[in-house]
Number of protein chains: 2
Amino acid sequence: MAKKKILRIKDIAKAAGVSVGTVDRVLHKRGKVSDKALKKINAILTKNEYKPNLIARTLGSNKSYKIAALLPNPQQDPYWSIAYQGIIQAETEWSHYGLRVVSCVFDLLKKESFKETAERVLKQKPDGILIAPIFYNETLPYFKLFYKKGIPYVLFNTNITESNGLSFIGQDLYQSGRVAAELICLGQQGKATFGVLHVDEDLNDSVHLLEKERGFKDFIKENYKGDSSIESLNRTSSSDFSFKKRLAALLNKTDLKGVFVSSSKGTATAATFLKSHGKDGIRLVGYDLLEKNIEYLKSGAIDFLIHQKPQQQAFEGISSLANHLIFKKDPPSINLFPLEVITRQNMGSYLIERPHSISIPE
Amino acid sequence: MAKKKILRIKDIAKAAGVSVGTVDRVLHKRGKVSDKALKKINAILTKNEYKPNLIARTLGSNKSYKIAALLPNPQQDPYWSIAYQGIIQAETEWSHYGLRVVSCVFDLLKKESFKETAERVLKQKPDGILIAPIFYNETLPYFKLFYKKGIPYVLFNTNITESNGLSFIGQDLYQSGRVAAELICLGQQGKATFGVLHVDEDLNDSVHLLEKERGFKDFIKENYKGDSSIESLNRTSSSDFSFKKRLAALLNKTDLKGVFVSSSKGTATAATFLKSHGKDGIRLVGYDLLEKNIEYLKSGAIDFLIHQKPQQQAFEGISSLANHLIFKKDPPSINLFPLEVITRQNMGSYLIERPHSISIPE
DNA sequence: ATTTTTAGTGTGTGCGCACACATTTTTTAG
DNA sequence: CTAAAAAATGTGTGCGCACACACTAAAAAT
């Protein structure tokens with residue numbers, strides 16, 4: 001029943017026979033402190049494990065931080081619209097602690113637009129950056145710039161391992177593809193063809209989509225019982241005729257047993273195709289709880305969705321930066337979200353609004 | 001670009017031409033305030049939506065709260081052991097804000113033990129109670145007592161709708177059963193028998209298990225393509241011979257297509273049975289990421305687990321009470337967790353330690 | 001008309017910390 | 001041996017809020 005007394009700076013000072021100012025200097029490594037005092041204070045510190053009261057800390061220092069969020073235009077794609085909501089939410093919840101978020105959006109399909117927007121971000125001179133690095137080659141030089149300028153940055157959605165950022169928030173995409181394959185194979189057997197669809201994204205730079213495909217293929221090769229072939233189709237735009245033809249051919253295969261779509265928006269598109277071809281019995285696995293996807297899942301056209309939690313990713317991204325700046329508390333360098341499987345029966349439980357507020361460390 | 005100024009009590013006071021004391025009285029409904037001042041302040045309040053700075057609030061009031069946690073003995077069952085970890089974690093994370101948690105554990109199988117422990121809880125005179133009300137009839141009178149004494153209490157794991165508690169944290173059990181059924185039916189057809197196993201729990205009071213069974217049966221009746229029958233078995237103790245015989249009979253049925261176990265510990269038990277009967281090809285659906293369950297899921301004996309998140313439930317339970325007491329911020333009266341489906345392929349993503357810290361409201 | 005009551009209001013302090021500034025002590029220079 | 005510079009340490013203030021307390025003015029009682 002030892003009443004666990006919490007150690008304040010004041011207590012340390014008294015114990016060391018110095019003033020709070022000296023302790024403060026030791027804690028923050030500022031100013032000069034005599035060897036004697038330093039040793040005495042450090043001894044007490046290590047022995048008693050001082051933990052600053054973060055609440056008091058933020059209250060006192062009334063600083064204000066600006067974070068720039070660099071992501072695709074939310075109006076172009078419902079997925080990014082949901083991510084954007086997470087940013088807005090994080091901003092409102094952190095606003096009390098002197099945090100502002102400036103969102104800078106670029107055209108999902110134009111690398112040039114990305115570059116311009118990245119420049120705009122730099123002009124803002126933000127204290128931190130949240131970035132969705134969907135263009136691999138274009139992003140790399142900016143990481144270097146951020147680093148040189150000493151601006152902490154957090155990646156979300158897509159990882160670039162050599163980024164050296166403060167943190168990455170997202171999912172294991174390879175494993176995500178494996179989960180999709182597992183769900184497609186479940187209870188199926190015999191000679192089979194599976195389709196992989198990439199819809200409206202530039203595959204050249206979309207490492208993330210290819211990772212999913214790789215996981216998908218690997219799993220099927222390793223686990224599918226029976227002969228299997230996998231056909232990968234890539235739609236470059238909504239008026240891509242060659243895609244339409246190849247898709248029709250794929251859907252006509254009698255041994256087509258499942259289709260995997262690598263993006264959330266594409267999932268609804270694919271469901272529409274399947275339905276219009278009268279093939280909505282084919283097992284379809286895609287991504288995310290977009291409105292349309294929810295409808296198709298309900299109606300049975302979609303069988304499984306893997307939840308990428310774009311909103312939470314963005315929210316945690318902002319929160320990571322906020323904690324770093326305000327509380328000087330660093331996030332883990334990799335924050336991998338679970339690969340949540342959505343079915344007709346558990347969908348409802350995911351649509352409930354859940355309390356969701358900012359986390360402060362310690 | 002309107003610089004969103006944050007409204008402090010001081011600002012309100014100035015705007016209303018009164019002192020901070022008067023505003024404080026209005027905000028906390030204490031003391032007397034003239035009609036004129038009241039109206040003026042309220043006008044400003046509703047117009048500008050004042051949000052107190054919770055950080056400052058906690059800093060000032062240096063109170064200390066005691067929460068009692070009333071749950072089954074963690075050593076009896078790994079499920080409750082995980083829940084207990086959530087309590088410990090919540091306690092350490094909240095300890096800085098003057099929160100202590102006293103855990104009071106009872107025998108999972110003895111109603112008398114529950115009563116005794118509940119009495120012990122009351123003697124503690126806690127400021128809040130977290131309770132796992134697994135015994136329906138025995139718990140009800142205590143809810144009344146808590147209420148009469150004005151002690152806020154939060155339920156988790158099992159809901160008792162007429163409880164009138166501050167909040168319930170858990171899952172929709174009926175729907176949980178439906179998810180299990182959905183997973184069992186997936187890709188299966190033809191004449192089938194399904195088994196429902198309840199292991200080592202007193203079914204008379206276990207509303208929660210029966211709810212799961214009801215959901216399971218309903219789904220199959222509504223959705224299974226083909227004749228189906230469902231057999232429900234209930235093991236009362238590990239030496240229940242009648243159960244063993246009936247189980248053996250069930251496992252010998254050639255049309256047995258799936259087994260659903262209603263509890264987490266039971267899931268591993270059932271997997272062992274299936275394996276020893278050479279029937280681990282039968283689809284098995286159970287609950288939670290217990291160590292044994294993880295092993296069986298890996299090896300293929302278990303096909304799906306539904307994740308009840310006992311640790312998070314307990315953690316959020318304590319957090320709800322803490323927010324209520326410290327920040328005077330009430331949780332939603334029902335906090336339903338999603339029904340997360342664990343498979344071989346996504347299991348890994350659930351086993352990663354994720355950052356998880358306390359949330360403060362606003 | 002003076003005292004007492006009370007409705008209404010204002011002021012002051014502290015929570016733990018950061019940081020600017022004031023003060024003391026020690027060292028170095030002249 | 002004093003003056004100036006440098007090093008080390010101490011003091012004070014404010015962050016936004018809660019709450020105890022002090023205070024004023026008007027109403028009620030004597």
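Here is how names work: the chains are called A, B, and so on, in the same order as the sequence lines, proteins then strands, and each is numbered from 1.
- Here CG of A:Asn42 is found 9.0 Å from CG of A:Leu27. Values are rounded to the nearest 0.5 Å.
- The side chain of A:His28 places an N or O atom within less than 4.0 Å of a non-bridging phosphate oxygen (OP1 or OP2) of C:dA18.
- Pairing for C:dG30 goes to D:dC1, judged as Watson-Crick or G-U wobble with the two contacts each under 3.5 Å.
- Here B:Asn53 lies in heavy-atom contact (under 4.0 Å) with sugar-phosphate atoms only.
- Residue pairs that meet the salt bridge (charged side-chain N to carboxylate O under 4.0 Å, His left out) test with at least one member in residues 26-37 of chain A, sequence neighbours left out, are A:Asp24-A:Arg30.
- Atom pair A:Ile55:CD1 and C:dC15:C1' shows a separation of 11 Å (rounding to whole Å applied).
- Judged as a side chain to side chain donor-acceptor pair (under 3.5 Å), the pairs with a partner in residues 160-171 of chain A (not counting sequence neighbours) are, in order, A:Tyr136-A:Glu162.
- Between A:Arg30 atom CZ and C:dC17 atom C1' there is a gap of 10 Å when expressed in whole angstrom units.
- Ring centroid separation for the pair B:Phe168 and B:Phe156 does not come in under the 6.0 Å cut-off.
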Identify every side-chain donor-acceptor pair in residues 6-17 of chain A under 3.5 Å, counting partners at least two apart or on other chains, and give the distances.
unit_1  : atom_1 : unit_2  : atom_2 : d
A:Arg8  : NH1    : A:Asp11 : OD1    : 2.9
A:Arg8  : NH1    : A:Asp11 : OD2    : 3.0
A:Asp11 : OD2    : A:Arg8  : N      : 2.8

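- Between the CG atom of B:Leu27 and the C1' atom of D:dA18 there is a distance of 11 Å, rounded to whole Å.
- For A:Asn73, there are no side chain to side chain donor-acceptor pair (under 3.5 Å) partners, not counting sequence neighbours.
- In the helix from C:dT4-D:dA27 to C:dT27-D:dA4, the rotation axis of the first five pairs and that of the last five pairs differ in direction by 70°, rounded to 10 degrees.
- One interatomic measurement links the two molecules: NZ of A:Lys51 to C1' of C:dG16, which rounds to 17 Å at whole-angstrom precision.
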Atom pairs under 3.5 Å, N or O on each side, protein against nucleotides 6-13 of chain C: can you list them with distances?
unit_1 : atom_1 : unit_2  : atom_2 : d
C:dT9  : OP1    : B:Ser34 : OG     : 2.8
C:dT9  : OP2    : B:Ser34 : N      : 2.8
C:dT9  : OP2    : B:Ser34 : OG     : 3.1
C:dT9  : O4     : B:Arg25 : NH1    : 3.3
C:dG10 : OP2    : B:Ser19 : N      : 2.6
C:dG10 : OP2    : B:Ser19 : OG     : 3.0
C:dG10 : OP2    : B:Thr22 : OG1    : 3.0
C:dG10 : O5'    : B:Ser19 : OG     : 3.4
C:dG10 : N7     : B:Arg25 : NH2    : 2.9
C:dG10 : O6     : B:Arg25 : NH1    : 3.2

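- For A:Ser320, the side chain to side chain contact (heavy atoms under 4.5 Å, CB included) partners two or more places apart in sequence, or in a different chain, are A:Val154, A:Ile169, A:Pro331.
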Please report, to 0.1 Å, the donor-acceptor pairs under 3.5 Å made by any side chain of residues 116-132 of chain A, with sequence neighbours excluded.
unit_1   : atom_1 : unit_2   : atom_2 : d
A:Thr117 : OG1    : A:Ser113 : O      : 2.6
A:Glu119 : OE2    : A:Tyr142 : OH     : 2.8
A:Gln124 : OE1    : A:Lys66  : NZ     : 3.4
A:Asp127 : OD2    : A:Lys66  : N      : 2.7

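- Atom NZ of B:Lys14 is separated from atom P of D:dC17 by 14 Å (rounded to the nearest Å).
- In plain terms, the two heavy atoms of B:Val33 and B:Leu38 that are nearest each other are CG1-N, 3.8 Å.
- For the side chain to side chain contact (heavy atoms under 4.5 Å, CB included) test, residues two or more places apart in sequence or in another chain that qualify with B:Ser103 are B:Ala69, B:Tyr84, B:Ile87, B:Val101.
- Between B:Ile41 atom CD1 and B:Arg25 atom CZ the span is 9.0 Å, to the nearest 0.5 Å.
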For nucleotides 23-29 of chain C, list the nitrogen or oxygen atoms of the protein found under 3.5 Å from its nitrogen or oxygen atoms, one pair per line.
none

Listed pairs, N/O of protein and of nucleotides 24-27 of chain D, under 3.5 Å:
none

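- Applying the 4.0 Å criterion to OP1 and OP2 of D:dC17, one finds that B:Tyr50 has a side-chain N or O inside that range.
- Taking only side-chain nitrogens and oxygens, B:Arg8 never comes nearer than 4.0 Å to OP1 or OP2 of D:dC17.
- For A:Lys29 and D:dA8, the NZ to C1' distance is 18 Å, given to the nearest whole Å.
- Distance A:Asp24 CG to D:dT9 P: 13 Å, rounded to the nearest Å.
- Between B:Ile9 atom CD1 and D:dC19 atom P the separation is 11 Å, expressed in whole Å.
- Partners of A:Tyr350 by ring-ring contact (aromatic ring centres under 6.0 Å, His included), not counting sequence neighbours, listed by chain and number: A:His307.
- In the model, B:Gln89 has a side-chain atom that pairs as donor or acceptor with a side-chain atom of B:Gln311 under 3.5 Å.
- Considering every non-hydrogen atom in both B:Ser64 and B:Arg100, the closest pair reads OG-NH2, 4.0 Å.
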